[in-house]
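For reference, the structure I am asking about is given below.
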Amino acid sequence: MLMSAYQWIARGRPRENGPVGKAVITATALALTALLMAMAFGVYVNRAIALHLFVGGMLTLAFLTVTGNPRRPTGPTVASWLLVAAAWGACAYFVSMYEVHDKRIPMIDALTVADMTAGIVLAALVLEATRRCIGMTLVVLVTGFLAYGIWGDLLPGAFSHRPLSAQEIVDHLVFSKDGLMGPALEVAAFLVFVFVVFGSLLDRWGGGDFFHDLAHGLVGKQVGGPAKVAVFSSGLYGSISGSPTADVVTTGSFTIPLMIRTGVPRTYAAAVEAAASTGGAILPPVMGSAAFLMVDFTGIPYSTIITAAIVPALIYYLIVFTAVHLKAHRLGLKPTLVEGAPTLPQVLKRDWFYFVPIAVLVWGVLKLDRPVFAGAIACLTLVPVGMLRNRSPKAFIASLVGGLNNGMGQLVGVGIACAVAGLVVGTLAMADLTGKISSGMFSLAGGHYALTLFVATVVIILLGMGMPTPAVYALSAVLAAPALIALKIDLLPAHLFIVYFASMSAITPPVAVAAFAAASIARANPIAVGFVACRVGIVAFVLPLLFVSQTGMLLIGDAQTIVTTIAFVVMGALCLVVAFEGWLMGSVGTPLRIALAVVAIVLLAQTGIARWVAAAAFLALVVWRFRRHNAATPGAAAA
């Protein structure tokens with residue numbers, strides 16, 4: 001009974017297609033790639049028409065590549081083809097009627113019966129694609145919001161709204177720019193797309209192997225080397241792909257089995273990979289899709305966002321790496337030599353050319369301040385890499401097509417999530433629920449700074465249980481951001497706060513997609529993996545609570561403030577991880593762990609002179625433990 005309930009709410013399985021299905025999938029992927037890449041390079045295409053074509057393509061790929069749920073057969077079905085036909089029929093109607101719809105005045109000019117039918121069909125198809133690609137949990141949540149929009153006028157009290165007709169609802173949700181075809185879907189189509197393609201092609205042409213070999217050359221021979229390789233390689237790959245699940249599948253297939261073979265427990269091995277991969281969503285230069293949505297929601301340039309995000313992201317990886325280092329010593333692991341693994345000079349000599357497209361991407365994002373164009377140029381510079389990896393034209397074309405297919409497949413989940421998020425955001429705006437919920441959050445916390453942050457955090461984490469990151473951010477940006485800004489938190493840290501907690505939903509139980517993916521590779525309990533991953537990446541849940549008030553972490557303010565803030569936060573985070581792992585050049589007892597946790601709180605909080613005293617105490621402890629360790633084991637390195 002429990003399993004059947006899980007199967008009912010779970011997303012579908014990958015579908016196995018015949019020659020016709022594969023041909024349609026490839027043709028759709030290539031056509032969408034050509035259209036969106038041309039737009040990325042500056043070719044003019046009407047954005048509304050392109051957006052409807054994008055939706056049609058995403059729905060086609062969703063229905064042809066994913067089954068209805070885990071119980072469904074994986075072969076092609078008549079129902080899937082009928083859904084594809086309905087999707088293209090609805091999108092073709094919108095494209096053909098574009099000029100008529102462009103001239104009408106939304107919410108004033110009446111919709112025709114055909115308009116209403118096409119709008120309802122398109123919204124229903126998006127919900128069905130959501131059920132297949134993401135799961136029933138999100139569909140139920142969205143349906144609840146839609147039900148509020150339809151019948152909310154019947155509610156008593158402050159949450160009641162004026163009656164809305166069917167025409168108004170469909171007009172606002174489908175025909176306006178505040179609903180399904182709103183900013184979230186535009187970001188997926190015109191911005192996220194190009195970076196997903198870049199990551200897919202880079203991986204197709206050996207980028208994942210390069211990052212793994214580079215990480216192994218840097219840290220592979222140290223104590224806990226395989227786990228440290230997982231942290232480094234997942235961070236490097238994740239900073240480009242921005243997808244925790246794709247990162248786990250790509251790098252975890254190497255690192256998790258190797259960790260297990262060297263004595264790391266299965267659950268911990270999967271947790272390290274999940275935490276390291278999830279960090280890629282907050283690590284520049286690409287970060288995750290939520291960061292691109294932040295550009296559209298706030299109007300802040302992408303270069304400004306990634307510049308602000310770099311220090312917290314590096315602190316996150318420093319702490320995850322330190323946690324792995326301490327755990328390896330606690331488990332008594334020895335340095336492991338992998339036979340045939342290349343050294344760092346060998347990796348750099350053999351694969352130096354992978355740095356070229358990455359450098360072009362970073363330069364373009366920072367200097368051109370046009371991230372989509374920078375991504376398109378970076379994709380172009382990948383072509384010589386593909387030619388080096390595939391000497392014959394036939395092999396190169398086959399790998400290019402395969403990479404584009406994979407890229408569009410990875411984009412389906414993001415595209416569908418952004419489309420369905422648009423329905424919810426549209427409903428919130430239409431029923432004026434945004435202001436009511438934000439006011440309710442602020443009132444619930446009594447206007448208290450810490451309580452409001454806590455309530456906002458709980459709301460974002462709860463939304464993240466069962467929802468993909470872009471949908472979590474889109475909803476939280478309209479629900480929680482106003483309450484944060486009411487506390488006089490600046491726009492950048494307020495929305496980056498939401499990006500962090502939305503991204504961490506990938507490892508937050510009970511529904512943690514990165515933890516589930518890692519658990520499947522390690523053959524471990526996914527819920528246990530999620531909890532351990534949260535412990536390994538605990539600092540990610542602390543940093544947002546800090547940088548909303550200590551903006552020096554985001555490189556905002558004078559040089560002295562920035563340096564001292566970062567120094568205290570790094571020491572506090574290191575103190576915290578020592579308290580959690582119970583190891584500092586030897587076992588740390590419970591009383592000292594409790595004391596370290598208190599010192600960490602003092603270091604992380606803005607506590608004036610007490611902060612300097614805590615810093616001195618922690619440094620004194622490190623020096624004392626270091627000397628005692630060296631005295632006990634002469635010649636040993638610090639652990």
Side-chain angles (χ1 to χ4, degrees), residues 48 51-52 55 59 86 90-91 93-94 97-98 100-131 136-186 296-297 416-443 459 463 467 471-472 474-483:
L51 209 55
H52 281 102
V55 171
L59 291 174
C91 292
Y93 175 80
F94 281 102
M97 294 293 290
Y98 165 72
V100 175
H101 294 156
D102 189 50
K103 292 175 182 177
R104 69 178 290 272
I105 303 175
M107 312 306 295
I108 295 178
D109 293 341
L111 297 173
T112 66
V113 174
D115 291 338
M116 290 286 292
T117 303
I120 293 172
V121 167
L122 187 60
L125 289 170
V126 167
L127 287 175
E128 171 59 16
T130 302
R131 185 181 71 83
M136 197 65 188
T137 304
L138 181 53
V139 175
V140 171
L141 181 65
V142 175
T143 304
F145 279 109
L146 292 176
Y148 174 78
I150 297 171
W151 295 296
D153 61 300
L154 303 177
L155 294 175
F159 280 88
S160 179
H161 61 73
R162 68 178 181 83
L164 298 169
S165 67
Q167 282 248 350
E168 285 181 284
I169 294 172
V170 174
D171 200 347
H172 193 94
L173 294 184
V174 181
F175 288 84
S176 77
K177 294 182 179 180
D178 298 321
L180 192 152
M181 297 293 170
L185 190 64
E186 285 189 341
D296 205 86
F297 273 80
I416 296 300
C418 288
V420 79
L423 290 176
V424 177
V425 172
T427 303
L428 293 173
M430 176 178 63
D432 193 28
L433 186 59
T434 303
K436 296 170 185 175
I437 292 179
S438 297
S439 299
M441 288 174 56
F442 200 71
S443 300
V459 168
L463 286 174
M467 290 177 61
V472 177
L475 295 184
S476 302
V478 297
L479 294 176

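Because the structure is a prediction, the values reported are computed rather than measured.
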Quiz item: What's the shortest heavy-atom distance between Ala417 and Ala471, and which atoms?
Solution: O-CB, 4.1 Å
Quiz prompt | Distance, nearest 0.5 Å, that separates NE2 of His101 from OG1 of Thr112 | solution = 6.0 Å
Exercise. Go through the structure and list residues passing side chain to side chain donor-acceptor pair (under 3.5 Å) with Ser160, not counting sequence neighbours.
Key: none
Quiz item: If you take all heavy atoms of Ala477 and Phe297, which pair is closest and at what distance?
Solution: CB-CD2, 3.8 Å
Quiz prompt | Identified side chain to side chain contact (heavy atoms under 4.5 Å, CB included) counterpart of Ile169 within the set Thr427, Leu164, Ile120 | solution = Leu164
Practice problem: Output the distance between atom CZ (Arg162) and atom CE (Met430), rounded to the nearest 0.5 Å. | Solution: 9.0 Å
Report all side-chain donor-acceptor pairs from residues 145-159 shorter than 3.5 Å, counting only partners two or more places apart or in another chain.
from: Tyr148; atom 1: OH; to: Phe159; atom 2: O; distance (Å): 2.4

Self-check item: Check against salt bridge (charged side-chain N to carboxylate O under 4.0 Å, His left out), Asp115 and Arg104
Solution: CA-CA 12 Å; Asp115 291 338; Arg104 69 178 290 272; 5.5 Å; no
Self-check item: Closest approach of Gly119 to Phe175 (non-hydrogen atoms, all atoms of both residues)
Solution: CA-CE1, 4.5 Å
Exercise. Heavy atoms only: give me the nearest Ala90-Ala118 pair and the separation to one decimal.
Key: CB-O, 4.2 Å
Quiz item: For His52 and Cys91, which heavy atoms make the closest approach, and how far apart are they?
Solution: O-SG, 3.4 Å
Quiz prompt | Nearest-0.5 Å distance, NZ of residue Lys177 to CG of residue Leu185 | solution = 13.0 Å
For residues 121-128, dump all side-chain donor-acceptor pairs below 3.5 Å to protein atoms at least two apart in sequence or in another chain.
from: Glu128; atom 1: OE1; to: Arg131; atom 2: NE; distance (Å): 3.0
from: Glu128; atom 1: OE2; to: Arg131; atom 2: NH2; distance (Å): 2.8
from: Glu128; atom 1: OE2; to: Arg132; atom 2: NE; distance (Å): 2.8

Self-check item: For Ala129 against Ile416, the heavy-atom pair lying closest together
Solution: CB-CD1, 3.7 Å
Quiz item: Between Leu138 and Val420, is any pair of side-chain heavy atoms under 4.5 Å apart?
Solution: yes
Practice problem: Rounded to the nearest 0.5 Å, what's the gap from CG on Leu173 to CD on Glu168? Could you check? | Solution: 11.0 Å
Quiz item: Once you round to the nearest 0.5 Å, how far does CG of Leu141 lie from CE of Met136?
Solution: 11.5 Å
